[in-house]
Amino acid sequence: MTLRFSDDGKVAHLTNGSVSYVIEVVLGRYLAHRYFGPAIRHWDGTGVVPPRKRGFALELIGGTVGEYCDDFPAECPVPDVGDYRLPQLVVRGSKLGVTHCEPAFESWEELPEKPELCGLPSTRAAAGEATTLHVTLLDAELGVRVHLLYTLFDGQDVMARSMRVENCGTQELEVLDAQSLSLELPAKGYDVLTLYGRHECEANISRVPIRHGIQTSESTEGLSSPQHHPFMALLDPDATVDAGEVVAVHLFYSGSHVERCEQDEYGNVRLQAGINPRTFSWRLAPGSSFQTPEAILCHSDEGLSGMAQAFHWLYREHLMPARWAHRQRPVLFNSWEAMYYDTTYDKIEAQAKLAASMGAELYALDDGWFRWDASSNTAMGDWTCNPRKFPGGIDSVEQLVHGLGMRFGLWFEPEVISRRSHLFERHPDWALQVPGYEARVGRHTYLLDMGRPDVQDYLIETLDCWLAGHAIDYVKWDMNRTMSDSFSAMLPPERQGELQHRHILGTYRVLREVTRRHPDVLFEGCSSGGGRFDPGILAYVGQNWTSDNTDAADRTRIQWGYGLLYPPVAMGAHVSIVPNHQTGRTISLDTRFQVARQLNLGYELDVTKLTDEERDEIADQIAAYKADRAWMAEADLRLLATPNDNYVMWESVAPDRSRAMVMVFQRERSVLDAQGRFQLRGLDEASDYRIEETGQVAGGDTLARVGICVPLMQDDYEAVTYHLLRV
Ligand code: DGJ
């Protein structure tokens, strides 16, 4: 890994031998983007568009005729300087009241380590694992210094980017837009790929051709949201699952965000990601700074699968809590779909005993244990066990579960407050609500004002008390509502624009502190499923509940979408009852297992209603899962192209390529379908593999180029799994 500055001090070239990033100082003041892509040995200046005389464009200050502002590849674009495309930074000074700002190149240096970002989740790297370029730009007139960070990691084609805005002057500033990065891409055709969805239907792929103008994917919900994942990729229009160029950005932020790209009149493209300026502004007093979240840039020459490999690697090695990144997960049984809010000791006892007999290793008591009745109406925020439901308290459940040889888990939703709760009676001002208006409720709750230090302290102490005082091994950290009625009793009127970001900073503080104090507890993030599944949350938790939709057919699509970004060890998948509670669909127990076993396996159903045969089948499934679990915890997940959309296929490959597991799922039995060939990836092409289920031996090269056929599946929603062992 190297960072090279040219002899004349104008060019910085950051490379890890696999990818290069080049920027250049132009006319002594402008910072120009020159290149991001596969590694080059040195920057020769080829590819810089030469000055071209044209009308109706403003000239760069100090430039020659033909050097214009409107298509200048600015590394940190700002408004009101003749570049009318998307700005990265918009700051208003209080003296003049205008948003004119001209940050000019000031300095650059190599940092010996990957800096942490104050109050925000970010990647971490030990000495020698990453190289960071720190660039400063200065507008001395306004009193703004901009700090740009670029970190390349030793290993994959990913780069961490962020920006810090420092008020180094004497006037108060207001930051109106501060994107985490801005990237210039050469003029050509691209497809824009984003992930969209809703509750129970997360991570769907949208792929459309780029057009002139701006395309955005954004959330204003106060959370990253299932509607629009904080991710955008620009693909070569010919790029496929496993071939072609992809440039992607993924934002480490759990609040309102925007990913946007703009194609200008010449075809140049600008890509940005950051906090959504529609719900943001920030007052910056002299001497203070504003730090943006981190964003990850990824370059892949191997299509979407190559991109997925790079993100998976980065998140396991440099983002997730280290102790959970490679650790095998216990097989989980969860009470939610078995009894919803109507939890009692007796019911849990009946479920837990059967679960243990089938091989369960963790029993989680979900929502309901603290509610005043069997509904969602009450008690959120109080976090006291209901003694009518659990006469012996949570300790009795914990002892029961531990006595059965399983670990014990408990559900919390820390960030909300019920209208009917003791906490609300004591602290009505802790709920977000605009004076003079009736605040909206979601599942009978308001959002707590997470920007308040007293609210944060209450939650830290409450959760700490539960975890320190009880033998709790697992926490499901839920969050089930979007933001509305955004007024904080703590903030003065001119600072209300900071509410959403302060809310997220407060949430991160609580998450950081609680998980730091209890590193041995496995935390599973959740937000009505994948409503707040983002890399910001993943910095603190071992895994995330992927979706409330447990229907195996829908899950193949949801898991494929999230599989573009997250490693399997970061996601939970459960086998549930049929007809499925979300879709009404009936799918065999075998297929439900085959789909769920790809991630951290759990079961979420009323086991007392199962037949003996079904319980035996589940016991066999759990044994089969455990047999693969050690190597699967280290495996690379590969998303594979299939002959047509009727199939979904993925493969887990051991890091030493000695074994793999492949699953092919068929949506519907179609008489028209030629079954096609299913090509595998990531195997050692020089070795032979035995397919355990068929006994067939085939070369790794044959499996990659010719592929396998799968047996004719007679029904809709069937799946086949093959284990491959190197011989
Ligand atoms: C939403 C979660 O996604 C569910 O799994 C369950 O925990 C409920 N909340 C409980 O209210």
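Residues: numbered from 1 along the sequence shown. Both ligands and their constituent atoms are indexed starting at 1 by order of listing. Computed from a prediction, not measured in an experiment: that's the story for all the values here.
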* Would you tell me whether His229 and His250 have side-chain atoms, one donor and one acceptor, within less than 3.5 Å of each other? => yes
* Between Asp606 and Gln351: side-chain donor-acceptor atoms closer than 3.5 Å -> yes
* Asp548 and Ser528: side-chain donor and acceptor closer than 3.5 Å? -> no
* Return yes or no for this condition: an N or O of Arg443 is under 3.5 Å from an N or O of ligand 1. => yes
* **Atoms of ligand 1 close to Lys476 [distance to a heavy atom under 4.0 angstrom, numbered from 1]** => 4 (C), 5 (O), 6 (C), 7 (O)
* Taking only heavy atoms of Ser528, which atoms of ligand 1 are found under 4.0 Å from at least one of them? -> 1 (C), 3 (O)
* Please work out whether any backbone atom (N, CA, C, O) or any side-chain heavy atom from C-beta onward of Glu413 is under 4.0 Å from ligand 1, and answer side chain, backbone, both or neither. => neither
* What are the atoms of ligand 1, with element, lying closer than 4.0 Å to any heavy atom of Trp411? -> 7 (O), 10 (C), 11 (O)
* Among Trp545, Trp336, Tyr340, which residue places a heavy atom closest to atom 8 (C) of ligand 1? -> Trp336
* Asked: Salt-bridged, Asp454 to Arg452, with N to O below 4.0 Å?
  -> yes
* With a 4.0 Å cut-off on heavy atoms, does Glu604 reach ligand 1? -> no
* Asked: Near Asp367, which atoms of ligand 1 are under 4.0 Å from a heavy atom of that residue?
  -> 10 (C), 11 (O)
* Would you kindly say whether His581 and Glu604 are connected by a side-chain donor-acceptor distance under 3.5 Å? => no
* Using a strict cut-off of 4.0 Å, indicate which atoms of ligand 1 neighbour a heavy atom of Cys526. => 2 (C), 3 (O)
* Shortest protein heavy-atom distance from atom 7 (O) of ligand 1, along with the residue and atom involved -> Asp366 OD1, 2.7 Å
* Do the numbers put Arg327 on top of the ring of Trp324, so that NZ or CZ is under 6.0 Å from the six-membered ring centre and no more than 45° off the axis? -> yes
* Whether Phe231 and Phe311 hold their rings parallel, tilted or perpendicular, with breakpoints at 30° and 60° -> perpendicular
* Note the single closest protein heavy atom to atom 4 (C) of ligand 1, along with its residue, its atom name and the distance in Å. => Asp548 OD1, 3.4 Å
* Part of Asn334 with heavy atoms under 4.0 Å of ligand 1, whether side chain, backbone, both or neither -> neither
* Side chains of Asn549 and His199: do they bring a donor and an acceptor to under 3.5 Å? -> no
* **Side-chain donor/acceptor of Arg419 to backbone N/O of Phe424, under 3.5 Å** => no
* Asked: Are any of the N or O atoms of Asp478 closer than 3.5 Å to those of ligand 1?
  -> yes
